[in-house]
Amino acid sequence: QVQLVESGGGLVQAGGSLRLSCAASGRTFSSYAMGWFRQAPGKAREFVAAINWSSSSTNYADSVKGRFTISRDNAKNTVYLQMNSLKPEDTAVYYCAASNKVRISTTRLLYDYWGQGTQVTVSS
């Protein structure tokens, strides 16, 4: 069982930056693939970024490539999402997720555990 708690969301102007954190409980955090997803009002939850257990592999949605960076610190049981050059269309609730089914995945259904989400609002 893994419990995930996101933090770091907030209100930022377009062009600004935020860093989201996701703290995980459990001794097996380092064995999990981790991902970030987001959901805007009236839209489906969508993939943002993913990272494997050793940080040797990462994936990004095309919409965030070159602007967002996912990383993890297994000693701190934490995964991060550094978001730069934010745009109003990045406004959403951001969720972190953990999977022990796959090495890395962009697929929402393959993630077993989810945080409660943190709101990111980008003003124009």
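- Val93 and Leu20 are members of different hydrophobic clusters when ILVMFWY side chains are connected at heavy-atom separations under 4.5 Å.
- Formation of a donor-acceptor pair under 3.5 Å by the Asn52 side chain with backbone atoms of Ser55 is found in this model.
- Residue pairs satisfying the ring-ring contact (aromatic ring centres under 6.0 Å, His included) criterion with at least one member in residues 48-102, sequence neighbours excluded, are absent.
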Show me the donor-acceptor pairs, under 3.5 Å and distance only, between side chains in residues 100-110 and residues at least two apart or in other chains.
from: Lys101; atom 1: NZ; to: Asp112; atom 2: OD1; distance (Å): 2.0
from: Ser105; atom 1: OG; to: Thr107; atom 2: N; distance (Å): 2.9

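- Checking Leu18, Thr69, Ile70 one by one against Leu81, the side chain to side chain contact (heavy atoms under 4.5 Å, CB included) holds for a single residue, Ile70.
- In this structure, OH on Tyr111 lies 6.0 Å from CZ on Phe47, to the nearest 0.5 angstrom.
- Here the shortest heavy-atom pairing between Val2 and Ala24 reads CG1-CB, 4.1 Å.
- Of all the heavy atoms in Ser85 and Arg67, the pair that sits closest is O-NH1, 3.0 Å.
- Under the 4.5 Å side-chain heavy-atom criterion for Ile, Leu, Val, Met, Phe, Trp and Tyr, Val122 and Phe37 are members of distinct hydrophobic clusters.
- Tyr113 is connected to Ile51 through a chain of hydrophobic side-chain contacts under 4.5 Å among Ile, Leu, Val, Met, Phe, Trp and Tyr, so both are in one cluster.
- Within the 3.5 Å criterion, the main-chain N or O of Cys96 finds a donor-acceptor partner in the side chain of Glu6.
- A 4.5 Å side-chain heavy-atom check between Trp36 and Met83 finds every atom pair outside the cut-off.
- Under the 3.5 Å distance criterion, the side-chain polar atoms of Thr78 are matched with a main-chain donor or acceptor of Lys76.
- Under the 4.5 angstrom side-chain criterion for Ile, Leu, Val, Met, Phe, Trp and Tyr, Leu11 has no cluster partners at all.
- A heavy-atom distance below 4.5 Å is found between the side chains of Arg38 and Glu46.
- In this structure, the separation between CG on Asn77 and SG on Cys22 is 10.0 Å, given to the nearest 0.5 Å.
- Remark: Asp90 does not engage Lys87 in a salt bridge, criterion side-chain N to carboxylate O under 4.0 Å.
- Put simply, Val48 and Met34 are part of the same group of oily side chains (I, L, V, M, F, W, Y) that touch within less than 4.5 Å, one to the next.
- Heavy-atom neighbours of Gln3 CD from other residues, nucleotides or ligands within 6.0 Å: at or below the threshold of 12.
- Judged purely by atom type and a 3.5 angstrom limit, Gln39 has no side-chain atom pairing as donor or acceptor with the backbone of Ala92.
- In this structure a side-chain-to-backbone donor-acceptor pair under 3.5 Å is missing from Arg72 to Ala33.
- Counting only distance, with no hydrogens or angles, the side chain of Thr118 and the backbone of Ser7 share no donor-acceptor pair below 3.5 Å.
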